[in-house]
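Computed from a predicted model, the values in this text were never measured in an experiment. In what follows, chains are A, B, ... by sequence order, proteins preceding strands, each numbered from 1. Only heavy atoms go into these numbers, but all of them, side chains included; no hydrogens, no water, no symmetry mates.
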2 protein chains.
Amino acid sequence: MSPRVSLCDVPSVSAAPASWLDTIIKGDCVAALEALPAHSVDVIFADPPYNLQLGGDLMRPDQSMVNAVDDHWDQFASFEAYDAFTRAWLLACRRVLKPNGTIWVIGSYHNIFRVGSSLQDIGYWLLNDIVWRKTNPMPNFRGRRFQNAHETMIWASRDQNAKGYTFNYEALKAANDDVQMRSDWLFPICTGGERLKGDDGKKVHPTQKPEALLARILMASSKPGDVILDPFFGSGTTGAVARRLGRHFVGIEREQEYIDAARARIDAVEPLGKAELTVMTGKRAEPRVAFNVLMESGHIKPGEVLHDARRRHKAIVRADGTIFANGQAGSIHKIGALVQGFDACNGWTFWHTDRSEGLKPIDDLRSIVRADMARAS
Amino acid sequence: MSPRVSLCDVPSVSAAPASWLDTIIKGDCVAALEALPAHSVDVIFADPPYNLQLGGDLMRPDQSMVNAVDDHWDQFASFEAYDAFTRAWLLACRRVLKPNGTIWVIGSYHNIFRVGSSLQDIGYWLLNDIVWRKTNPMPNFRGRRFQNAHETMIWASRDQNAKGYTFNYEALKAANDDVQMRSDWLFPICTGGERLKGDDGKKVHPTQKPEALLARILMASSKPGDVILDPFFGSGTTGAVARRLGRHFVGIEREQEYIDAARARIDAVEPLGKAELTVMTGKRAEPRVAFNVLMESGHIKPGEVLHDARRRHKAIVRADGTIFANGQAGSIHKIGALVQGFDACNGWTFWHTDRSEGLKPIDDLRSIVRADMARAS
DNA sequence: CGTCGTGTTGAATCTTTAG
DNA sequence: TCTAAAGATTCAACACGAC
């Protein structure tokens with residue numbers, strides 16, 4: 001845990017393990033990075049402040065308050081200030097990165113465009129942007145925007161012409177039902193037993209990342225024995241996953257509270273054996289097809305009339321993806337319930353198209369769309 | 001199709017349709033934008049050059065050549081040159097945008113970070129970043145990166161404090177099986193019969209966007225009759241979808257070949273009828289009905305007791321249109337908040353009448369009054 | 001031991017109108 | 001251009017107690 005190590009330009013294939021390996025360095029990330037040897041790190045994962053720029057409090061519809069990220073470390077005076085901060089830590093990271101090393105940075109639309117531009121300006125070479133799709137994101141409570149259901153990660157090499165960075169293409173493909181791993185990943189946010197909580201039962205860190213996300217990142221872009229650096233260590237997810245996967249880690253963190261929690265967490269991790277390190281991960285099911293998908297894919301057209309199985313009721317499809325009957329518009333479920341006088345209805349089985357083959361439930365069309373999607377992917 | 005129209009600052013509610021509506025303007029996009037009146041456009045969709053920075057030709061494993069986007073319009077000498085270009089057209093767009101207008105920009109990791117930063121620097125306010133997940137993306141042939149399976153769109157308002165931009169939240173939600181629309185969208189890329197092809201059988205435009213994508217964008221963020229501008233019109237997907245959905249369009253394009261293809265394509269589009277285009281709206285769009293109107297119309301009488309849904313609280317209606325509980329009188333909202341100990345409350349859904357049918361929210365009475373008003377008018 | 005109902009929560013740039 | 005008031009708004013998990 002001593003940040004003061006002798007500077008050396010050896011590409012870190014030294015025999016004796018460095019003293020800063022598998023430790024958490026307390027302090028400012030730029031200063032700590034500058035005390036590390038150059039070209040000593042294989043992969044960097046960085047989860048910097050997002051610069052959320054929140055206004056006042058936000059209330060849920062039930063009048064409970066949303067626990068906002070309003071910590072002091074997320075406050076920046078301007079885009080210029082945030083850019084200066086971003087450039088500083090990205091430059092310091094680039095110095096400690098091996099020539100064939102890569103960096104991952106995660107962010108939201110508040111900051112990721114600043115980060116991406118800075119990466120390019122500094123000389124990093126973008127390899128991919130990866131979308132983390134959340135299975136269970138927070139809703140948009142006011143109904144004035146789309147639900148913010150993803151975050152973006154940028155994967156970049158140190159230089160445009162960097163050769164030989166690690167990318168375990170074959171392993172990823174094998175783990176992904178023998179098709180290459182895409183740039184959109186589906187994971188739940190970190191909740192339940194994985195989420196670190198203090199004695200008061202409250203979450204230790206406001207933005208703890210799920211281990212599954214880090215596991216895929218490290219399995220994809222590093223090898224056992226590699227050195228993984230996280231300049232915004234927080235609750236230590238990067239360290240915990242690195243240790244479990246047989247990688248070395250270096251964390252940098254300013255807050256003692258986070259350091260203590262991270263160290264205890266990492267100490268409790270049982271590293272996997274060599275055999276188990278081969279491969280993991282897999283595809284998550286995602287069969288949901290909403291009614292608008294049927295329209296957008298051309299299987300149902302605006303103006304078409306839908307019937308129930310006995311032709312007692314009918315409804316007209318509109319371009320916005322709602323259907324119209326009895327003077328009211330709404331979802332296939334709502335209108336299905338309305339015309340029957342019920343509280344609820346499964347519109348997929350209730351409503352039918354009436355074409356040359358006769359009445360067919362619209363659920364049949366959904367099956368076709370699902371088959372198309374499966375064949376295409 | 002005359003780019004030279006007289007400059008006017010009228011907010012475009014002029015009686016006679018402007019001559020540039022539903023036309024394709026030939027020329028440089030910044031010059032053409034500067035010839036349009038200020039504050040005249042509701043929604044902009046822009047698909048700018050991606051600045052792809054491709055090195056040499058890309059070969060598939062079978063040594064066939066990938067038909068990369070290497071047109072001259074996609075060549076920029078440096079990030080600085082691309083940024084200057086980006087700022088210029090984004091500034092010109094901002095001038096023609098109505099105060100409550102919004103802009104969509106689509107891009108890939110090559111350019112979207114430059115675009116997003118420029119949007120923020122210029123003063124646009126980011127509303128969402130939307131991920132277009134492709135069901136059938138091009139594979140990564142080299143196996144050195146993740147399959148690039150998505151593109152990113154940024155949705156932004158003209159200013160941070162812009163009020164009243166169009167977002168058809170309720171319709172999107174209804175079409176999405178009654179859950180709010182997320183920021184990750186799944187669509188196939190444009191292929192098959194939809195893809196414009198020349199006499200030689202080759203695709204007319206290298207990056208033709210699918211109509212389904214534009215349809216969701218326009219259904220989400222515009223109304224029938226709105227003006228939709230596309231400064232990089234290309235093969236005219238924006239115009240074709242706008243026409244079909246009953247919106248006006250303005251396209252700007254430099255290449256005569258694209259203009260010809262787009263015009264023929266748009267001319268063949270059959271606009272949908274008014275009924276199919278009606279968008280489902282929620283309570284926000286309903287005329288305001290104050291509580292005292294319920295009393296004046298006899299739907300609620302002074303002295304009646306209101307309850308919350310679980311009969312935990314009650315209040316008495318007074319002749320002046322206030323209600324009384326816990327020793328205080330005030331609006332249905334204020335007293336609803338008071339009895340619950342909250343800062344705010346929607347009294348329309350909180351308070352219920354208790355008559356022969358049991359508890360019913362007073363919002364139901366408001367619906368009846370609205371229906372009466374509609375019938376009378 | 002389940003099931004059901006209730007309550008809590010997560011990186012959030014989250015309203016509109018009248019006066 | 002202010003402020004105050006009206007009024008609109010949530011999805012997937014998890015935890016916990018009751019039964």
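- One atom, CD1 of B:Ile362, and another, P of D:dG7, lie 10 Å apart when rounded to the nearest Å.
- Here A:Phe249 and A:Phe233 bring their ring centres to under 6.0 angstrom of each other.
- Residue contacts for B:Ser331: at a heavy-atom cut-off of 4.0 Å it reaches the sugar-phosphate backbone alone, with no base atom in range.
- Under the stacking criterion of a centre-to-centre distance below 5.5 angstrom and an interplanar angle below 30°, A:Phe141 is not stacked against the six-membered ring of C:dC14.
- Here B:Tyr169 reaches the OP1 or OP2 of D:dT10: one of its side-chain N or O atoms lies under 4.0 Å away.
- Within the structure, every side-chain polar atom (N or O) of A:Asn51 is placed at least 4.0 Å from both OP1 and OP2 of C:dT13.
- A 3.5 Å limit on both hydrogen-bonding distances identifies no Watson-Crick or G-U partner for D:dG7.
- Among C:dT17, D:dA13, C:dA11, the nucleotide with an atom closest to any side-chain atom of A:Asp47 is C:dA11.
- Residues B:Leu294 and B:Trp348 approach most closely at CD2-CZ3, 3.7 Å, considering heavy atoms.
- Taking only side-chain nitrogens and oxygens, A:Tyr109 comes nearer than 4.0 Å to OP1 or OP2 of C:dT13.
- At the heavy-atom level, A:Lys134 lies nowhere under 4.0 Å from the strands shown.
- A salt bridge links B:Arg94 to B:Asp159: at least one charged side-chain nitrogen sits closer than 4.0 Å to a carboxylate oxygen.
- Between the P atoms of D:dA8 and C:dA18, the separation comes to 13 Å (whole Å).
- At the heavy-atom level, B:Gln180 lies under 4.0 Å from the strands shown only through sugar-phosphate atoms.
- Atom CE of A:Met153 is separated from atom C1' of C:dA11 by 14 Å (rounded to the nearest Å).
- Atom P of nucleotide C:dG10 and atom CG of A:Leu54 are separated by 15 Å, given to the nearest angstrom.
- Pairing for C:dT3 is with D:dA18, a Watson-Crick or G-U wobble pair whose two hydrogen-bonding atom distances lie under 3.5 Å.
- On the P atoms, D:dC14 is 14 Å away from C:dA11, given to the nearest whole Å.
- Summarising the geometry, the separation between CG on B:Asp159 and P on C:dT15 is reported as 16 Å, rounded to the nearest angstrom.
- The partner of C:dA12 is absent, by the rule that a Watson-Crick or G-U pair needs both atom distances under 3.5 Å.
- When distances are taken from the side chain of B:Lys334 to each of C:dA11, D:dA6, D:dT10, the shortest belongs to D:dA6.
- Look at B:His333 and you'll find a side-chain N or O under 4.0 angstrom from OP1 or OP2 of D:dG7.
- DNA chain D is contacted by both A:Lys197 and A:Asn140; A:Asn140 maps to the nucleotide lying nearer its 5′ end (nearest heavy atom per residue).
- When heavy atoms are screened at a 4.0 angstrom cut-off, A:Thr191 is found touching the sugar-phosphate backbone but no base atom.
- Across all strands shown, A:Gly234 has no heavy atoms under 4.0 Å from either base or sugar-phosphate atoms.
- Of the side-chain N and O atoms in B:Arg182, none sit less than 4.0 angstrom from OP1 or OP2 of D:dA12.
- Among the protein residues, B:Trp125 comes within range of the nucleic acid bases, having at least one heavy atom under 4.0 Å from a base atom.
- Each of A:Gln53 and A:Pro137 was matched to the nucleotide of DNA chain C holding its nearest heavy atom; the match closer to the 5' end belongs to A:Pro137.
- With hydrogens and angles left out, the side chain of A:Arg60 and the base of C:dG10 share a donor-acceptor pair within 3.5 Å.
- Contacts of B:Ala290 with the nucleic acid, taken as non-hydrogen atoms under 4.0 Å apart, are absent.
- Side chains of B:His299 and B:Asp372 form a contact here, defined as non-hydrogen atoms less than 4.5 Å apart.
- At a threshold of 4.5 Å between non-hydrogen side-chain atoms, the residues B:Val369 and B:Leu365 do not count as touching.
- Residue A:Glu194 is out of contact with every strand shown, counting any heavy-atom pair closer than 4.0 Å.
- The separation of D:dG7 from C:dC14, taken at their C1' atoms, amounts to 15 Å, rounded to a whole angstrom.
- Between A:Arg114 and B:Asp121 a salt bridge is recorded (basic side-chain N to carboxylate O distance below 4.0 Å).
- Looking at A:His333 and B:Asp177, their side chains come closer than 4.5 Å, going by heavy atoms from C-beta outward.
- Rounded to an integer number of Å, the gap from CZ of B:Arg284 to P of D:dG7 is 14 Å.
- Closest to the side chain of A:Met138, out of C:dA11, C:dA12, D:dA8, is C:dA12.
- No side-chain N or O of B:Gln340 forms a donor-acceptor pair with one of B:Arg312 less than 3.5 Å apart.
- The side chain of B:Arg310 lies closest to C:dT6, out of D:dA6, C:dT13, C:dT6.
- In terms of heavy-atom proximity, B:Ile106 sits nearest to B:Trp132 at CD1-CE3, 4.0 Å.
- In this structure, A:Pro210 reaches neither bases nor backbone, as no heavy-atom distance under 4.0 Å exists between it and the strands shown.
- Contact annotation: side chain of A:Arg145 to base of C:dT13, donor-acceptor pair present below 3.5 Å.
- The nucleotide whose nearest atom lies closest to any side-chain atom of B:Lys163 is, among C:dT16, D:dA8, C:dG10, C:dT16.
- If you check every strand for non-hydrogen atoms under 4.0 Å, B:Leu126 touches a base.
- Protein atom CZ of A:Arg144 is 15 Å distant from nucleotide atom C1' of C:dT13, rounded to whole Å.
- Distance from the side chain of A:Arg142 is smallest to C:dC14 among C:dC14, C:dA11, D:dG7.
- Side-chain atoms of B:Val179 lie closest to D:dC11 of the nucleotides C:dT16, D:dT9, D:dC11.
- Within the nucleic acid shown, B:Gly164 comes within 4.0 Å of sugar-phosphate atoms alone, with no base atom in reach, counting heavy atoms only.
- Side chain of B:Gln120, nearest nucleotide from D:dA8, C:dT13, C:dA11: C:dT13.
- Put simply, the side chain of B:Trp155 reaches to within 4.5 Å of the side chain of B:Tyr165, judged on heavy atoms.
- With C1' as the reference atom, C:dT9 and D:dT10 are 11 Å apart, rounded to whole Å.
- The CG-P distance, from A:Asp62 to C:dG10, rounds to 14 Å in whole Å.
- With distances taken from any side-chain atom of A:Pro139 to the nucleotides D:dA13, C:dT16, D:dT10, the minimum falls on D:dT10.
- Rounded to whole Å, atom C1' of D:dA5 lies 13 Å from atom CG of B:Asn346.
- A sub-4.0 Å separation between OP1 or OP2 of C:dT9 and a side-chain N or O of A:Lys202 is absent.
- Applying the 90° cutoff around 0 to the glycosidic angle, D:dT9 is assigned anti.
- If you check C:dA11, D:dG7, C:dA12 against the side chain of B:Trp348, the one that comes closest is D:dG7.
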